Chemist: 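One structure, pasted below without further comment.
All values derive from a computational prediction rather than experimental measurement. Note that these values count all heavy atoms, side chains included, but never hydrogens, waters or copies made by symmetry.
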Amino acid sequence: MPRHLLEIDDLSRDELVSVLDLARQPYVPKALAGLGVALLFEKPSARTRNSMEMAVFQLGGHPVTIRPDEIGLGTRESVEDVTRTLQCYHGVIAARVFEHTKLERMVAVADVPIINLLSDAGHPMQALADLLTAVELYGGIDALSSRKIAYVGDGNNVCRSLALAAGMLGMQVAVATPETFTMPADDVARLRAVGIEPVVTTDAAEAVEGADIVYTDAWYSMGQEAEADERRPVFRPYQVNAELLAATGVADVAFLHCLPAHRGDEVSDDVLDGPHSRVWQQAENRMHAARGLLAWIIGAS
């Protein structure tokens, strides 16, 4: 049976460690030799496309990026028929979709691994890059158990995957959101089900106190642009700026952002471009993390 990655906790802790270890090692350029990897995009992304195409190329495979107008999941063809067709040609199917249920429908008929490149429920590929960055910052996976990560902003798909991944590696997790944009109760329950007890608060300063990493995401995601003016006043107290970083009390606190950033909204320029920012290291790690996952998932499937 093929292995799939729809959310980060589809991996056990040991499997997560294995993926991160592979991402840090010199890669085997023939791991995907002779295999195509279908990269299906309902939502465009600069980092996801570039990191995945390069990871497949580095492993000796052939990436095929597919635009939404070329397939039309559920419109031109059913999700199931698209999956059955693509697996005739490819050894892996990776998809960036709006509705997570489409990925679940793909898995139900797939004979090849399915990878979630982003859905409304989670962003596991981003979480892998985030944890790889933390491993590099603090000298190894074992060092993370003494570290704290604080997420400030919208309790969205990125927040959920990050909290799961960080907690699985023993990090203390704190999340600060406006009351009306908090992590859904189901997400908190999922964290607790795997032994993670997050601090969930509406107070950004409380969340970041003692944090080694402060993380944020856009206040409005792709498809939510019409809500930007409505959201800004609600999220203004959650901007990551020099004052909020100082509230950590940690001199070498690191700042992470999954990008793209709306400068002046969720993060100030002096933080994004400043000495605490590790966002470009984090962005590069999207490629290394993708390569680690692909190498692992082909070997395990």
Chemist: Tell me whether Phe181 at atom CZ has more than 12 heavy atoms from other residues, nucleotides or ligands lying less than 6.0 Å away.
Modeler: yes

Chemist: Are Leu256 and Thr216 close enough, and set up right, to give a side chain to side chain contact (heavy atoms under 4.5 Å, CB included), and what steps lead you there?
Modeler: CA-CA 7 Å; Leu256 297 182; Thr216 194; over 6 Å; no

Chemist: With no hydrogens and no angle check, is any side-chain donor or acceptor of Thr48 less than 3.5 Å from a backbone partner on Ser45?
Modeler: no

Chemist: In this structure, are over 12 heavy atoms from other groups packed under 6.0 Å from Glu225 atom CD?
Modeler: yes

Chemist: Answer whether the closest heavy-atom distance between the side chains of Val79 and Thr83 falls below 4.5 Å.
Modeler: yes

Chemist: Would Gln126 and Ser161 count as having a side-chain donor-acceptor pair, cut-off 3.5 Å?
Modeler: no

Chemist: Report the C-alpha distance between Leu11 and Val19 in whole Å, list the side-chain angles of each, state the deciding distance to 0.1 Å, and finish with yes or no for side chain to side chain contact (heavy atoms under 4.5 Å, CB included).
Modeler: CA-CA 9 Å; Leu11 301 172; Val19 170; 4.3 Å; yes

Chemist: Go through it in stages, so that I can follow the logic: the residues are Glu179 and Thr202, the test is side chain to side chain donor-acceptor pair (under 3.5 Å), and I'd like the CA-CA distance, side-chain angles, deciding distance and then a yes or no.
Modeler: CA-CA 6 Å; Glu179 188 171 355; Thr202 58; over 6 Å; no

Chemist: To check you understand the geometry: which heavy-atom pair defines the closest contact between Asp142 and Ser145, and what is its length?
Modeler: O-OG, 3.2 Å

Chemist: Does the pair Asp120 and Asn157 meet the rule for a side chain to side chain donor-acceptor pair (under 3.5 Å), with working shown?
Modeler: CA-CA 6 Å; Asp120 57 356; Asn157 50 358; over 6 Å; no

Chemist: So Leu118 and Lys43, do their side chains get closer than 4.5 Å, heavy atoms only?
Modeler: yes

Chemist: I'd like to know if Arg84 pairs up with Asp111 as an ion pair, taking the criterion as any Lys NZ or Arg NE/NH1/NH2 lying under 4.0 Å from an Asp or Glu carboxylate oxygen.
Modeler: no

Chemist: Minimum heavy-atom separation for Val253 to His276, with atom names?
Modeler: O-ND1, 2.7 Å

Chemist: Is the closest side-chain donor-acceptor distance between Glu243 and Asn241 under 3.5 Å?
Modeler: no

Chemist: Return the minimal non-hydrogen interatomic distance between Ala211 and Ala150, and the atom names on each side.
Modeler: CB-CB, 3.9 Å

Chemist: State, yes or no, whether a side-chain contact exists between Leu259 and Arg47 at a heavy-atom distance under 4.5 Å.
Modeler: yes

Chemist: Do Asp14 and Ser12 get their side chains close enough for a donor-acceptor pair, meaning under 3.5 Å?
Modeler: no

Chemist: Is it the case that Tyr215 and Asp130 place a side-chain donor and acceptor less than 3.5 Å from each other?
Modeler: yes

Chemist: Look up atom CE in Met287 and atom CE in Met54, then write down how far apart they are to the nearest 0.5 Å.
Modeler: 6.0 Å

Chemist: Heavy atoms only: give me the nearest Ile149-Ala166 pair and the separation to one decimal.
Modeler: CG2-CB, 3.8 Å

Chemist: Taking Ile196 as the starting point, is it possible to reach Leu162 by hopping between hydrophobic residues whose side chains are less than 4.5 Å apart?
Modeler: yes

Chemist: Got a salt bridge between Asp273 and Arg263, using NZ or NE/NH1/NH2 to carboxylate O under 4.0 Å?
Modeler: yes

Chemist: Run the numbers on Val200 and Thr182 for side chain to side chain contact (heavy atoms under 4.5 Å, CB included), then give the verdict.
Modeler: CA-CA 8 Å; Val200 180; Thr182 192; 3.8 Å; yes

Chemist: Do Asn156 and Asp217 have a side chain donor and acceptor closer than 3.5 Å?
Modeler: yes

Chemist: Does Glu136 pair with Arg278 as a salt bridge, N-O distance under 4.0 Å?
Modeler: no

Chemist: Restricting to non-hydrogen atoms, name the atom on Tyr238 and the atom on Val152 that form the minimum distance, rounded to 0.1 Å.
Modeler: O-CG1, 3.3 Å

Chemist: For Ser268 and Asp270, run side chain to side chain donor-acceptor pair (under 3.5 Å): C-alpha distance rounded to whole Å, both residues' side-chain angles, the deciding distance at 0.1 Å, then the answer.
Modeler: CA-CA 6 Å; Ser268 58; Asp270 60 333; 2.4 Å; yes

Chemist: Side-chain donor-acceptor pair under 3.5 Å between Thr133 and Gln282, yes or no?
Modeler: no

Chemist: Decide yes or no for Arg232 and Asp265: does some side-chain heavy atom of the first lie under 4.5 Å from some side-chain heavy atom of the second?
Modeler: yes

Chemist: Using atom types as modelled and distance alone, determine if a side-chain donor or acceptor of Asn116 lies under 3.5 Å from a backbone N or O of Leu6.
Modeler: yes

Chemist: Could you tell me whether Arg96 and Glu42 have a side-chain N and a carboxylate O separated by less than 4.0 Å?
Modeler: no

Chemist: Are Leu73 and Leu40 packed together at the side-chain level, in the sense that at least one heavy-atom pair is separated by less than 4.5 angstrom?
Modeler: yes

Chemist: Would Leu131 end up clustered with Leu137 when hydrophobic side chains under 4.5 Å apart are linked, directly or stepwise?
Modeler: yes

Chemist: Do Glu53 and Thr65 meet the criterion of a side-chain donor-acceptor pair at a distance under 3.5 Å?
Modeler: yes

Chemist: What is the minimum heavy-atom distance between Pro124 and Gly122, and which atoms define it?
Modeler: CD-C, 3.6 Å

Chemist: Could you check whether any side-chain heavy atom of Val173 comes within less than 4.5 Å of a side-chain heavy atom of Tyr151, counting everything from C-beta outward?
Modeler: no

Chemist: Kindly indicate whether the side chain of Leu128, heavy atoms from C-beta on, has any atom under 4.5 Å from the side chain of Leu293.
Modeler: yes

Chemist: In terms of heavy-atom contacts, does CZ of Arg231 have more than 12 from other residues, nucleotides or ligands at under 6.0 Å?
Modeler: yes

Chemist: With no hydrogens and no angle check, do the side chains of Gln25 and Asp21 hold a donor and an acceptor under 3.5 Å apart?
Modeler: no

Chemist: Evaluate the side chain to side chain donor-acceptor pair (under 3.5 Å) criterion for residues Gln172 and Arg147: first the C-alpha distance (whole Å), next the side-chain angles of each, then the deciding distance (0.1 Å), finally the verdict.
Modeler: CA-CA 6 Å; Gln172 182 183 352; Arg147 300 290 179 168; over 6 Å; no

Chemist: Is a side-chain N or O of Ser277 found less than 3.5 angstrom from the main chain of Gly274, in a donor-acceptor match?
Modeler: no

Chemist: Does Phe41 reach the side chain of Glu70, with side-chain heavy atoms less than 4.5 Å apart?
Modeler: no

Chemist: Tell me if the CG atom of Asp229 is crowded by more than 12 foreign heavy atoms within 6.0 Å.
Modeler: no

Chemist: I'd like to know if the side chain of Asp187 and the backbone of Met183 have a donor-acceptor N/O pair within less than 3.5 Å.
Modeler: no

Chemist: So how far is it from Glu15 CD to Ile8 CD1, rounded to the nearest 0.5 Å?
Modeler: 10.5 Å

Chemist: Nearest 0.5 Å, what's the CG-CD1 distance between Leu103 and Ile115?
Modeler: 11.0 Å

Chemist: Please verify the inter-ring angle class for His262 with Tyr220; under 30° counts as parallel, over 60° as perpendicular, anything in between as tilted.
Modeler: parallel

Chemist: Please check if the side chain of Gln58 supplies one atom and the backbone of Pro29 the other of a donor-acceptor pair under 3.5 Å.
Modeler: no

Chemist: Do Lys148 and Glu209 pass the salt bridge (charged side-chain N to carboxylate O under 4.0 Å, His left out) test, and can you show the C-alpha distance, the side-chain angles, and the key distance before you say yes or no?
Modeler: CA-CA 9 Å; Lys148 175 181 177 180; Glu209 183 179 1; over 6 Å; no

